[in-house]
Protein chains: 2
Amino acid sequence: MSADPSARRGIPDATVARLPEYLRALTGLAERGITSVSSEELAAAAGVRSAKLRKDLSYLGSYGVRGVGYEVDHLAYQISRELGLTQDWPVAIVGMGNLGHALAAYSGFATRGFRVVALLDQDPAIVGQEIAGLAVQPMSELTALVSEQGLAIGVIATPAASAQDVCDALVAAGVRSILNFAPCVLVVPDGVDVRKVDLSTELQILAFHEQRKALASPAALRKAVAP
Amino acid sequence: MSADPSARRGIPDATVARLPEYLRALTGLAERGITSVSSEELAAAAGVRSAKLRKDLSYLGSYGVRGVGYEVDHLAYQISRELGLTQDWPVAIVGMGNLGHALAAYSGFATRGFRVVALLDQDPAIVGQEIAGLAVQPMSELTALVSEQGLAIGVIATPAASAQDVCDALVAAGVRSILNFAPCVLVVPDGVDVRKVDLSTELQILAFHEQRKALASPAALRKAVAP
DNA sequence: ACGCGGTTGTGAACCGATGCACAAAGTCAC
DNA sequence: GTGACTTTGTGCATCGGTTCACAACCGCGT
């Protein structure tokens, strides 16, 4: 078992978070017909330093050739495999408001590896509507979706007020990976992963830096800050 | 200048990224009529450890009272001020596809401190349409928006292929803070901040951990992994 | 006036991630 | 086959962030 180069236990979180970006860069290169790439070039395409890229890739194994670089297709496959994208992950989106609606139709969602198998909503007035080719189902279908479709990932696109209830329902049905768009913290049992995407948080972080810049530069002629 | 408690230069990035969450938790407490809170309680509401919370807050100044805790309103104000939310930030959304449409209508976007002042698109067929009460404008309006409306933050919701062009246009018009929803890396000059939100990346990170769990547990009966 | 329970603020140890610099290892030309 | 050149993989120093543990401090009851 120690001979398997991918048997590496414990890839750093920071590295895992960058692998999708590397994969995207590799896909772009492949589409342009490029078959081989150096760490310097790939790092530039992914927006990181080459040393960081090489160290990241070294956690996966030795897939490069010294003096030459990396074979694009092979490296892309290895990253895909490490990320678990060689199998299909059934995804359900809960909450068919503005955001859920857009997510259901968002093409980037259906990239390799993921398949939206169900749309759900608590509101009986919305259940039954067809969105992006799928009929909206009631929350009671969750358990069946997990056992019959192998549903593994849930996306919460509800208002904050109902997000915890929806989350509890997902967990109860057996979903252990959740992507949360609602602006609130979710409490989940051990073994369940939650990642949060929050537009308003990102804007506030930008505002902090923008304010810092406005105060530092003499061009603070806009909406002058109160003294 | 050293007497000003907010003159602290260099609040760690990790801390800044958590301030919005603290602010949200405080707002929730205030709505429930709670006027005082301990670091332990606030940390629980924000999903962090109390020691981390206290250290984060210590970068802003000493706004707590030993033996008592923090006054909710006062602390919320101090965080708002540090984040630059006591002034209004005019925001423009570029790209009125599915996602841009949803963002324009998303209420969470219009939280305190931010105001969507313009929607833009490159496609002449979309320009002129009214979305969420605003008429979609052409990209050529950008410079006027910056000088007349004080536009400071741009949101890119276009396909990846046109994201860099849109980004260049924003920067040329004078926008120095950009929130990018397109799945690609943007190159910008020094002094411009870019934050990226990528749905597909988040899903892939979840998939990595999900696969890890599936391999570790005996319940790997789903879509069995290839040997 | 004074001690006691309780909570903050922070110095110091710890831990993971980043950047540097170079030895190891491969290709290519001849 | 050999030597020059190129690029990877990695040991090591460094840095930023997290956690621990406790002294400083506040308010209250007596």
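Here is the naming used below: chain letters follow the sequence lines, and residue numbers restart at 1 for every chain. Only this structure's heavy atoms are used, side chains among them; waters, hydrogens and symmetry mates stay out. All of these numbers come straight from a predicted model, not from anything done at the bench.
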| remark: Per nearest nucleotide of DNA chain C, the residue lying toward the 5' end, B:G67 or A:A14, is B:G67
| If you find the nucleotide of DNA chain C closest to B:A51 and the one closest to A:V68, which residue's nucleotide is nearer the 5' end? | B:A51
| Donor-acceptor contact present, side-chain A:S162 to main-chain A:D165, <3.5 Å | no
| task | Taking only the side-chain nitrogens and oxygens of A:S39, find out if one of them lies under 4.0 Å from OP1 or OP2 of D:dT8. | result | yes
| task | Ignoring backbone atoms, test whether B:S62 places a side-chain nitrogen or oxygen under 4.0 Å from the OP1 or OP2 oxygen of C:dG9. | result | yes
| request: Determine, step by step, whether B:Y70 and B:R54 satisfy the side-chain contact (heavy atoms from CB on, under 4.5 Å) criterion, reporting the C-alpha distance in whole Å, the side-chain angles of both residues, the deciding distance to 0.1 Å, and the verdict. | output: CA-CA 11 Å; B:Y70 301 88; B:R54 286 200 302 276; 4.0 Å; yes
Separation of atom [atom1] in [X] from atom [atom2] in [N], rounded to whole Å:
X	N	atom1	atom2	result
B:E40	C:dG6	CD	P	13 Å
B:D13	C:dT18	CG	P	13 Å
A:Y70	C:dA25	OH	C1'	13 Å
B:R49	D:dC20	CZ	P	7 Å
A:E71	D:dT8	CD	P	14 Å
B:D56	D:dT18	CG	C1'	10 Å
A:K52	D:dT7	NZ	P	22 Å
B:K55	D:dT19	NZ	P	12 Å

| field | Donor/acceptor link under 3.5 angstrom from A:R54 side chain onto base of D:dG9 | value | yes
| said: At less than 3.5 Å, do the side-chain atoms of A:R66 and the base atoms of D:dT7 form a donor-acceptor pair? | reply: no
| Nucleotide nearest A:S38 when distance is taken to its side chain, options D:dC26, D:dT8, C:dT8 | D:dT8
| message | Let's see if you can work this out: which of C:dT8, C:dT10, D:dT8 has an atom nearest to the side-chain heavy atoms of B:S58? | response | C:dT10
| Is it the case that B:T201 and A:R24 place a side-chain donor and acceptor less than 3.5 Å from each other? | yes
| task | Only one of B:V192, B:L151, B:I153 passes side-chain contact (heavy atoms from CB on, under 4.5 Å) with B:V175; say which it is. | result | B:L151
| query | Does a salt bridge link B:E21 with B:R18, judged by any charged N lying under 4.0 Å from a carboxylate O? | reply | no
